[in-house]
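Reading through the structure tokens given below for one structure.
Along the sequence shown, residues carry numbers from 1.
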Amino acid sequence: DRVPSTLNGGRGKESPVYWIAVLAIAGAIEFYGISKLRANDPEYFPGNLGFDPLGVYPKDEAGQQNMQLAEIKHGRLAMIAIFAFAVQEFVTKAGVVDETPFFFYPLIQTLKMYTNS
């Protein structure tokens, strides 16, 4: 019941159909972005595929630059965190879910685990 990971050999638990679907969707999104780039769309820049259903992207230039910078910084921090989880799992030989349950279980369940043990 370990989390599928390359480090623990859990990738065999995942269906190949899942990965085919992931690659197909990612490929379709990339193809759409390349087609917008080749069409010389003046509104296009990398990452802007015209999809903002909640309207959270700012309208002013300063707000847009701030949002883009924040997105890059948060993405980099997320990559560092995932790498740290992989290192932690490799070093401790225990799944990250087992080592840090407060990230993966509901708060009430985590508090019960810590107070009852």
Side-chain angles (χ1 to χ4, degrees):
D1 52 299
R2 302 229 10 225
V3 177
S5 169
T6 302
L7 298 176
N8 67 20
R11 289 286 183 219
K13 298 177 184 177
E14 296 172 351
S15 170
V17 174
Y18 167 77
W19 286 110
I20 291 169
V22 166
L23 290 174
I25 291 169
I29 292 170
E30 284 296 319
F31 180 74
Y32 179 70
I34 290 170
S35 68
K36 285 187 72 120
L37 176 66
R38 290 190 178 170
N40 292 328
D41 185 356
E43 297 289 318
Y44 175 77
F45 56 87
N48 181 16
L49 300 177
F51 183 75
D52 186 17
L54 300 177
V56 295
Y57 194 65
K59 304 293 184 220
D60 61 304
E61 184 71 26
Q64 291 175 353
Q65 288 180 353
N66 188 32
M67 173 91 58
Q68 291 170 7
L69 180 63
E71 184 176 357
I72 288 172
K73 286 183 176 186
H74 292 146
R76 289 176 180 166
L77 183 62
M79 287 186 277
I80 291 169
I82 291 297
F83 178 72
F85 278 159
V87 169
Q88 177 183 355
E89 185 173 308
F90 180 75
V91 170
T92 64
K93 304 293 187 227
V96 173
V97 174
D98 300 327
E99 287 286 325
T100 55
F102 48 87
F103 287 136
F104 301 99
Y105 295 112
L107 180 62
I108 299 299
Q109 184 178 351
T110 303
L111 291 174
K112 284 181 183 177
M113 286 190 313
Y114 281 115
T115 56
N116 290 336
S117 56

Within 45° cone and under 6.0 Å: Lys59 NZ/CZ vs Tyr57 ring: no
Smallest separation among heavy atoms of Pro58 and Met67, with atom names: CD-CE, 3.5 Å
Backbone N/O of Val56 and side chain of Asp52: donor-acceptor pair under 3.5 Å: yes
Atom pair CD1/CD of Ile34 and Glu30 - distance to nearest 0.5 Å: 6.0 Å
Joint hydrophobic cluster, Phe83 plus Val91, side-chain heavy atoms closer than 4.5 Å: yes
Within 6.0 angstrom of Gln64 CD, more than 12 heavy atoms from elsewhere: yes
Transitive ILVMFWY side-chain link Leu37 to Leu49, under 4.5 Å: yes
Smallest separation among heavy atoms of Ser35 and Tyr32, with atom names: OG-O, 2.6 Å
With sequence neighbours excluded, residues passing side-chain hydrogen bond (donor to acceptor under 3.5 Å, both in side chains) with Glu43: none
Spacing of Ile72 atom CD1 and His74 atom NE2 [to the nearest 0.5 Å]: 11.5 Å
Distance, nearest 0.5 Å, that separates CZ of Phe85 from CD1 of Ile82: 6.5 Å
